[in-house]
Amino acid sequence: MKSALAERWIKEIKKQLPDGKKLKILDVGCGSGFFSILLAKEGHQVVGTDLTPEMVVNAKKLAKEEQVEPTFLVMDAEKLEFEDASFDMVISRNLTWTLPHAEEAYQEWKRVLKPGGILLNFDANYGNDDCSDTSGLPKNHAHYTVGDELLQECEEIKKQLPISSYARPAWDLNVLGKAGFSKFGIDLEISSRIYIEKDEFYNPTPLFMLCSRKKN
């Protein structure tokens, strides 16, 4: 939370936000609350959701340590339990590639956005990469702590997900356009500005950023 990586992430996110406006933000697939906490520190009202209860527990603990108060809930990203037009922004990172019904998730995210609301999605074409191949990673990388068995299991799961066979982010843009989003922005160079050092958190798969708005 106090690393150069955190500073780079919030800098990139703030580029996509209106200046001086405090937003109600939904962080879908929040994990341990990294984005939720960064945005709460900027004064935004943040709700983070994750399907894994243990992640939500960890997120609440980390938020308390960082002295901010985002709300964290256990929830399915494809079946959100919020009313229509509840949020000014929906943000997500490294989630859509894991979803069995990613197109339905995009529809849900649009539903809970206010007209003109921002969708900001950071993801990568992980379906084309083999995460069990650690040959190009530094020796202190987090993947080494996971173990070969779990990394191979991840590969098997990826093969079963339809999104792994799509050409991304072209597929995402097509789906978002049909769903009712407009004013698209895409950034294929985000990784070069975030993952500068090859450390334990280095991501070898190039990220893309999609920014779009729900039509008024």
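Quick caveat: nothing in here was measured; it's all calculated off a predicted structure. In this chain, residues are counted from 1 in sequence order.
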J.: Rounded to the nearest 0.5 Å, how far apart are CD1 of I194 and CD1 of I196?
T.: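 One gets 8.0 Å once the value is rounded to the nearest 0.5 Å.
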J.: Taking all non-hydrogen atoms of both residues, which atom of W97 and which atom of A124 are closest, and how far apart?
T.: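 Closest approach of W97 to A124, heavy atoms only: CB-O, 4.2 Å.
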J.: Looking at every heavy atom in both A63 and F72, which two are closest together, and how far apart are they?
T.: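 So the two residues come closest at CB-CE1, 3.9 Å.
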J.: Any donor and acceptor pair, going by atom type alone, linking the side chain of S3 with main-chain N or O of L5 inside 3.5 Å?
T.: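 Side chain of S3 to backbone of L5, a donor-acceptor pair under 3.5 Å: yes, one is there.
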J.: Measure from the side-chain N and O atoms of S36 to the backbone N and O of V46, and report whether any donor-acceptor pair falls under 3.5 Å.
T.: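 No, because the side chain of S36 does not come within donor-acceptor range (under 3.5 Å) of the backbone of V46.
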J.: Would you mind checking if E65 and K60 are paired as a salt bridge, meaning a charged N to carboxylate O distance below 4.0 Å?
T.: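 No salt bridge links K60 with E65.
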J.: Just by distance, do the side chain of K214 and the backbone of P115 share a donor-acceptor pair under 3.5 Å?
T.: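 Answer holds: no.
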J.: What about Y195 and M1, same hydrophobic cluster or not, with Ile/Leu/Val/Met/Phe/Trp/Tyr joined at side-chain heavy-atom distances under 4.5 Å?
T.: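 Both belong to a single hydrophobic cluster.
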J.: How long is the gap from CD1 on I91 to SG on C30, to the nearest 0.5 Å?
T.: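 With rounding to 0.5 Å, CD1 (I91) is 11.5 Å from SG (C30).
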J.: Look at atom CD of Q107 and say whether more than 12 heavy atoms of other residues, nucleotides or ligands are closer to it than 6.0 Å.
T.: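 For Q107, atom CD is crowded (more than 12 foreign heavy atoms under 6.0 Å).
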J.: Mind running side-chain hydrogen bond (donor to acceptor under 3.5 Å, both in side chains) on D123 and T96 for me, showing each step along the way?
T.: CA-CA 7 Å; D123 205 10; T96 36; 2.4 Å; yes
J.: Using modelled atom types and a 3.5 Å cut-off, is there a donor and acceptor pairing between side-chain atoms of S164 and backbone atoms of K158?
T.: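 Yes, the answer is positive, given that a donor and an acceptor are paired below the 3.5 Å cut-off.
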J.: Under a 4.5 Å side-chain heavy-atom rule over Ile, Leu, Val, Met, Phe, Trp and Tyr, are L119 and L210 clustered together?
T.: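 Hydrophobic grouping puts L119 with L210.
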J.: Just wondering, are more than 12 heavy atoms of other shown residues or ligands nearer than 6.0 Å to CD in Q67?
T.: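 No.
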J.: In this structure, would F181 and L17 fall into the same cluster of hydrophobic residues linked by side-chain contacts under 4.5 Å?
T.: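 No, F181 and L17 fall in different hydrophobic clusters.
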J.: Using side chain to side chain contact (heavy atoms under 4.5 Å, CB included), reason through C211 and I118 one step at a time and then give a plain yes or no.
T.: CA-CA 7 Å; C211 183; I118 302 165; 3.9 Å; yes
J.: May I ask you to test the V112-L26 pair for a side-chain heavy-atom distance under 4.5 Å?
T.: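 Result yes, sub-4.5 Å side-chain heavy-atom pair found.
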J.: Tell me whether K24 is salt-bridged to E83, with the criterion being a basic N under 4.0 Å from an acidic carboxylate O.
T.: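 Salt bridge: no.
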J.: Ignoring hydrogens, what is the shortest heavy-atom contact between S212 and L176? Give both atom names and the distance.
T.: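 Smallest interatomic distance, heavy atoms only, reads OG-CD1, 4.0 Å.
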J.: Do F208 and R168 come close enough that some side-chain heavy atom pair is under 4.5 Å?
T.: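 Yes, their side chains come closer than 4.5 Å.
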J.: Tell me, do D187 and R193 make a side-chain contact under 4.5 Å, heavy atoms counted?
T.: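 In short, these two side chains touch, coming nearer than 4.5 Å.
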J.: Determine whether a donor-acceptor pair (N or O, by modelled atom type, separation under 3.5 Å) exists between the side chain of K110 and the backbone of G180.
T.: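 Answer holds: no.
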J.: Please answer whether the main-chain N or O of G117 pairs with a side-chain N or O of R213 as donor and acceptor at a distance below 3.5 Å.
T.: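 Checked: no pair found.
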J.: Give, for atom CD of E7 and atom CG of L38, the distance between the pair rounded to the nearest 0.5 Å.
T.: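 Interatomic distance, E7 CD to L38 CG, rounded to 0.5 Å: 10.0 Å.
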J.: Same cluster or not: F82 versus Y106, using hydrophobic residues (I, L, V, M, F, W, Y) connected whenever any side-chain heavy atoms lie under 4.5 Å apart?
T.: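 Yes.
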J.: Counting only heavy atoms not in K15, do more than 12 fall under 6.0 Å of its NZ?
T.: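 For K15, atom NZ is crowded (more than 12 foreign heavy atoms under 6.0 Å).
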J.: Mind checking whether K178 and E103 have side chains closer than 4.5 Å, heavy atoms only?
T.: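 With C-beta onward as the side chain, the pair touches.
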J.: Using side chain to side chain contact (heavy atoms under 4.5 Å, CB included) as the criterion, list what pairs up with K114, not counting sequence neighbours.
T.: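 Per chain and number, K114 pairs via side chain to side chain contact (heavy atoms under 4.5 Å, CB included) with A85, D88.
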J.: When you measure from the side chain of H44 to the backbone of L23, do you find a donor-acceptor pair of N or O atoms at a distance under 3.5 Å?
T.: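 Looks like yes, one N/O pair under 3.5 Å.
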J.: Decide side chain to side chain contact (heavy atoms under 4.5 Å, CB included) for F34 and R93; before the verdict, give the C-alpha distance in whole Å, the side-chain angles of both, and the deciding distance to 0.1 Å.
T.: CA-CA 10 Å; F34 182 59; R93 180 179 65 141; 3.4 Å; yes
J.: Please report the interatomic distance CG(L120) to OG(S92), rounded to the nearest 0.5 Å.
T.: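 The OG atom of S92 is 9.5 Å from CG of L120, to the nearest 0.5 Å.
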J.: Minimum heavy-atom separation for D50 and G31, please, with both atom names.
T.: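 Smallest heavy-atom distance, with atoms named: OD2-N, 2.8 Å.
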J.: Measure across A102 and W171 and return the closest heavy-atom pair with its distance rounded to 0.1 Å.
T.: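 What the structure gives for the nearest pair is CB-CH2, 3.7 Å.
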J.: Could you tell me if the side chain of V47 sits less than 4.5 Å from the side chain of P70, heavy atoms only?
T.: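 P70 does not reach V47 side chain to side chain.
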J.: Of all the heavy-atom pairs spanning W109 and A77, show the shortest one and how long it is.
T.: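 For W109 versus A77, the nearest heavy atoms are NE1-O, 3.1 Å.
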J.: Same hydrophobic cluster for V57 and L51, using side-chain heavy-atom links shorter than 4.5 Å among ILVMFWY?
T.: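 Hydrophobic grouping puts V57 apart from L51.
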J.: Would a 4.5 Å heavy-atom cut-off, applied to side chains only, mark D27 and L39 as touching?
T.: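 In short, these two side chains do not touch, never coming nearer than 4.5 Å.
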J.: Kindly compute the distance separating CG (L207) from OG (S191), expressed to the nearest 0.5 Å.
T.: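 Result: 3.5 Å between the selected atoms.
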J.: For atom NZ of K22, decide whether the heavy atoms of other residues, nucleotides or ligands shown that lie under 6.0 angstrom number more than 12.
T.: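 For K22, atom NZ is crowded (more than 12 foreign heavy atoms under 6.0 Å).
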J.: Starting from the C-alpha separation in whole Å, work towards a yes-or-no answer on side chain to side chain contact (heavy atoms under 4.5 Å, CB included) for I163 and L99.
T.: CA-CA 8 Å; I163 197 169; L99 299 176; over 6 Å; no
J.: Side chains of F184 and L173: closer than 4.5 Å at any heavy-atom pair?
T.: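 When only atoms from C-beta onward are counted, L173 and F184 do touch, with a gap below 4.5 Å.
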J.: What do the steps show when you test I10 against E42 for side chain to side chain contact (heavy atoms under 4.5 Å, CB included), and what is the final call?
T.: CA-CA 9 Å; I10 197 63; E42 294 294 319; 3.9 Å; yes
J.: Taking E78 for its side chain and H101 for its backbone only, find out whether a donor-acceptor pair lies under 3.5 Å.
T.: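 Indeed, once roles are kept as given, a pair shorter than 3.5 Å links the two residues.
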J.: Between W9 and F122, is the ring centre distance below 6.0 Å?
T.: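 Yes, close enough.
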J.: Looking at residues at least two apart in the chain, or sitting in another chain, which of them share a side chain to side chain contact (heavy atoms under 4.5 Å, CB included) with R111?
T.: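 Partners of R111 by the side chain to side chain contact (heavy atoms under 4.5 Å, CB included) criterion, ordered by chain and then number, come out as L80, D84, E108.
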J.: For the residue pair N125 and Y166, confirm or rule out a side-chain donor-acceptor distance under 3.5 Å.
T.: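 Per modelled atom types, N125 and Y166 side chains form no pair under 3.5 Å.
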J.: Looking at CD of E12 and CD1 of I190, how far apart are the two atoms once the value is rounded to the nearest 0.5 Å?
T.: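 Answer rounded to 0.5 Å: 3.5 Å.
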J.: Is the shortest heavy-atom distance from the side chain of M209 to the side chain of I186 under 4.5 Å?
T.: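 They are not in contact (no side-chain heavy atoms under 4.5 Å apart), so the answer is no.
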J.: Under 3.5 Å, side chain of T49 to main-chain N/O of V28, donor-acceptor pair present?
T.: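 No: the side chain of T49 does not pair with the backbone of V28.
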